[in-house]
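Working notes, beginning with the structure itself.
Source: prediction; values computed, not measured.
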Number of protein chains: 2
Amino acid sequence: MKKGATIRDVAAAAGVSVATVSKYMNGTQRFTPAVEARLKEAIAQLGYRSNPLARSMITGRTRAIGLAILDIGNPHFANLVKGANRVAIRHDYTLLLVDTEENQQREQTLIESLAQRVDGMIVSSRMPDDSVQWLLDLGKPVVLFGRSARFPIASVGTDSCLAGYMLANHLVKLGHRHIAYLGFGRSRWNDERIRGIRQCLDEYGLALDVHDALSPSAAAGERACSGLMLGPRRPDAVICYNDLIALGFIKEARELGLQLPRDVSVAGFDNVPYGEYASPALTSVDFQSEKMGELAMTRLLDELHGNADANASYALLDPHLVVRESTIRRGDAPAAVDVASDAANDAAVTRMPTTEE
Amino acid sequence: MKKGATIRDVAAAAGVSVATVSKYMNGTQRFTPAVEARLKEAIAQLGYRSNPLARSMITGRTRAIGLAILDIGNPHFANLVKGANRVAIRHDYTLLLVDTEENQQREQTLIESLAQRVDGMIVSSRMPDDSVQWLLDLGKPVVLFGRSARFPIASVGTDSCLAGYMLANHLVKLGHRHIAYLGFGRSRWNDERIRGIRQCLDEYGLALDVHDALSPSAAAGERACSGLMLGPRRPDAVICYNDLIALGFIKEARELGLQLPRDVSVAGFDNVPYGEYASPALTSVDFQSEKMGELAMTRLLDELHGNADANASYALLDPHLVVRESTIRRGDAPAAVDVASDAANDAAVTRMPTTEE
DNA sequence: GTGAAAGCGCTAACAT
DNA sequence: ATGTTAGCGCTTTCAC
């Protein structure tokens, strides 16, 4: 654990001034071959690496970006991080990560503390729209996941409302009529998803049964399952707030003795990588998590470098429906069917418009 | 985006010297109530927050820890990060993350660059044991995931050999005789796992068929599946290098028309959260990833604070077998069985020692 | 208990 | 093309 050499050591060893060394390190200038050679020699000799802290003190820039997320254990966020990390590395930036673990209390403190050490922040949060103001007061450029309706803040996100509509439409087209939504009320996107689902269902005069998982996790999906499926009004399709909840829901439903997808179609949002490996493989709406992370980082870096086209712009990524095995036409089944068919529903099916999936 | 107030601004506003403000901010000293009140007032007034960079320049400590991992998309690593993050936050440290994306080229550069900005590093790497030396030359305390046989470096890990033995033993006890290992040769733990598996299999005079997935991912598991299952020597059980490979393998096996787990038992390592939601639910060896992350961070912080019991110690976490549906007694099946029973195997079963699972 | 002054390692004018 | 110098915002002796 040797102490690092300083710029002065190099200057002395090469017989030049510290300014020269500094300029050399930053490639700010050209040099006479003689000086350059001595510099190279001295630097190699001493194993000199310039101290980024001292550099940052002067320049005011750290080449670091703070990223605050809600749960790195959720593959959606892991992918956000992956995308952001990739772009950061490409531009020679460092990522400071904080997983707030859904803890609103600490979130603000952590973010404020992080903000001091970075050039900009990317934030995923459950804070109410009103609180977004203090993000702007951080004194650093911020990119937010999910738009703020009230404040002009750069953000990247997806059209949750459309995504909800798509999923509902998909299920209705499959003949489902009793659709339930297993949401997560504390999320900023929950209402949007409900709105999209309702918008579609209204067109068919269908009602939506709204439930709430208390956490955006598989465990919460498991817990909520029996309440929905063993209650008086069993849905024939359920849309979950996210894939994790859907995965838990599916597992518990099968343990309850239900046959999936015959007895109930299930779908989620996010298209996490492991939905594909569940059984039945999970139908979901892909939000391109990794690309969202890349995009957020790209926008932030653009702003930092002054290439910002629009300052408080909102970048929307297209949601994309991924149909797998967990949603199936009502009545269809590998084995026997025991669901009574409903004439009214069949009538409804005939007047359904065709929509792209 | 207001400019932050400096310590001098506070000193002026409170009518004291900068040294006093500094001492107040760091709680280094007691003050007369009058001074303390003015200080508090001025700080609140100006919204002063001390600049951590300037502080670090002097103290030489950043209160930041670098964490280098191979793939944040792998839930095993995500959990490592989660554990490390939690401990870091608890001790008021910040996490600098770099996902090297299995890229050996950049890994060293990235780690060296990160090391300059932090007080210590936690590293998960595929670098050969010989290369560990340069980690020690970083000039910062390092904790490594997985021990180095050659160099004295603090590390936390798990007994991969024992884990392999456990899994093999489990399968043998279930009556499996043709066991294959679908490994990942570039991993530092691959050989250990093979060694444990072989050690167990040797006791029963069983051979091990070793294959290699070229990446530690579900996609690689899918690709490798047909080669194993449709080849001339179809195994009746396969142990995969990790759960991701196992998940991919299972999915592809079913698409190949195989009945799982009847036709083949499959198991992996890591016990990632989503193995539980696959079908059949995945048997795995739990390595307590999150706890490993916590432990690594705890050790590093201990060393930083001078509480290091042993310096280059190796902390081992116990592997724990988690039996789920993907491994089943040979010949057992929910439906009909078409596997010819083997008298020699039955004989072997009778002399099997009982082992705890 | 409080303040003056000397830097930490580096960059950015501004000379030369 | 190279050197001089004045700090960046803070901590830390060492006086008082």
Side-chain angles (χ1 to χ4, degrees), chain A residues 2-43 46-64 92 113 115-119 139-140, chain B residues 2-43 46-64 92 113 115-119 139-140:
Chain A
K2 54 188 169 194
K3 295 254 64 156
T6 81
I7 198 173
R8 256 184 283 273
D9 299 331
V10 178
V16 297
S17 75
V18 292
T20 304
V21 181
S22 172
K23 284 163 190 153
Y24 178 76
M25 293 299 291
N26 297 297
T28 316
Q29 210 187 248
R30 289 185 53 80
F31 300 89
T32 46
V35 173
E36 182 159 350
R38 270 154 45 214
L39 245 16
K40 199 170 296 183
E41 161 73 12
I43 288 167
L46 280 69
Y48 171 71
R49 322 216 63 200
S50 87
N51 180 332
L53 262 65
R55 174 171 224 286
S56 295
M57 277 260 313
I58 308 262
T59 61
R61 294 180 299 89
T62 60
R63 285 200 95 77
D92 203 26
S113 141
Q116 294 191 272
R117 321 173 134 249
V118 299
D119 294 343
K140 299 282 167 81
Chain B
K2 57 189 168 194
K3 295 255 66 159
T6 81
I7 198 172
R8 255 184 286 272
D9 300 330
V10 177
V16 297
S17 76
V18 293
T20 302
V21 181
S22 172
K23 284 161 190 155
Y24 177 76
M25 292 301 289
N26 297 297
T28 316
Q29 209 186 248
R30 290 184 53 80
F31 300 89
T32 46
V35 172
E36 182 159 349
R38 268 152 48 211
L39 246 16
K40 199 171 295 180
E41 161 72 12
I43 289 168
L46 281 68
Y48 172 70
R49 321 216 63 202
S50 89
N51 180 332
L53 262 64
R55 175 172 224 284
S56 294
M57 276 255 322
I58 308 261
T59 62
R61 293 182 297 89
T62 60
R63 284 200 97 76
D92 203 26
S113 139
Q116 290 192 93
R117 322 172 132 247
V118 299
D119 294 343
K140 298 283 166 78

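Between A:G15 and B:S50, it is A:G15 whose nearest contact on DNA chain D lies nearer the 5' terminus. Comparing B:A54 and B:S17 by the nucleotide of DNA chain C whose heavy atom lies nearest to each, the residue mapping closer to the 5' end is B:S17. Between B:I58 and B:R38, the one whose closest nucleotide on DNA chain C sits nearer the 5' end is B:R38.
A donor-acceptor pair under 3.5 Å is absent between the side-chain atoms of B:N26 and the main chain of B:T28, judged by distance alone.
Rounded to an integer number of Å, the gap from CZ of A:R49 to C1' of C:dC10 is 16 Å. As a whole-Å value, the separation of B:L53 CG from C:dC8 C1' is 12 Å. Atoms CZ (A:R8) and P (C:dC8) sit 6 Å apart, rounded to a whole Å. Whole-Å rounding puts the B:D9 CG to D:dC10 C1' distance at 13 Å. What separates CD1 of A:I43 from P of C:dC10 is a distance of 11 Å, to the nearest Å. Here D:dT12 presents its P atom at 13 Å from CE of B:M57, a figure rounded to the nearest Å. Atom CZ in B:R63 sits roughly 13 Å away from atom P in D:dT11 (whole-Å rounding).
With rounding to the nearest 0.5 Å, the separation of CD in B:E41 from CG in B:L46 is 9.5 Å. Rounding to the nearest 0.5 Å places CZ of B:R55 at 8.0 Å from CZ of B:R63. Atom OG1 of B:T62 is separated from atom CD of B:Q116 by 11.5 Å, given to the nearest 0.5 angstrom.
B:T6 has no side-chain polar atom (N or O) that falls below the 4.0 Å cut-off from OP1 or OP2 of D:dC8. Contact annotation: A:R55 does not reach the phosphate of D:dC8 (side-chain N/O to OP1 or OP2, under 4.0 Å).
Looking at heavy atoms from C-beta onward, B:V21 lies in side-chain contact with B:L39 at the 4.5 angstrom threshold. No side-chain heavy atom of B:Y24 sits less than 4.5 Å from a side-chain heavy atom of B:V16.
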message = Working note: A:T20 + A:F31, criterion side-chain contact (heavy atoms from CB on, under 4.5 Å); need CA distance, chi angles, decisive distance, verdict.
response = CA-CA 9 Å; A:T20 304; A:F31 300 89; 3.6 Å; yes
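Residue-level contact check: A:R30 touches the backbone only, with heavy atoms under 4.0 Å from sugar-phosphate atoms and none from bases. Counting non-hydrogen atoms under 4.0 angstrom, A:S56 reaches nothing in the nucleic acid.
The stretch residues 18-29 of chain B touches DNA chain C through B:A19, B:T20, B:K23, B:Q29, each having a heavy atom under 4.0 angstrom from the strand.
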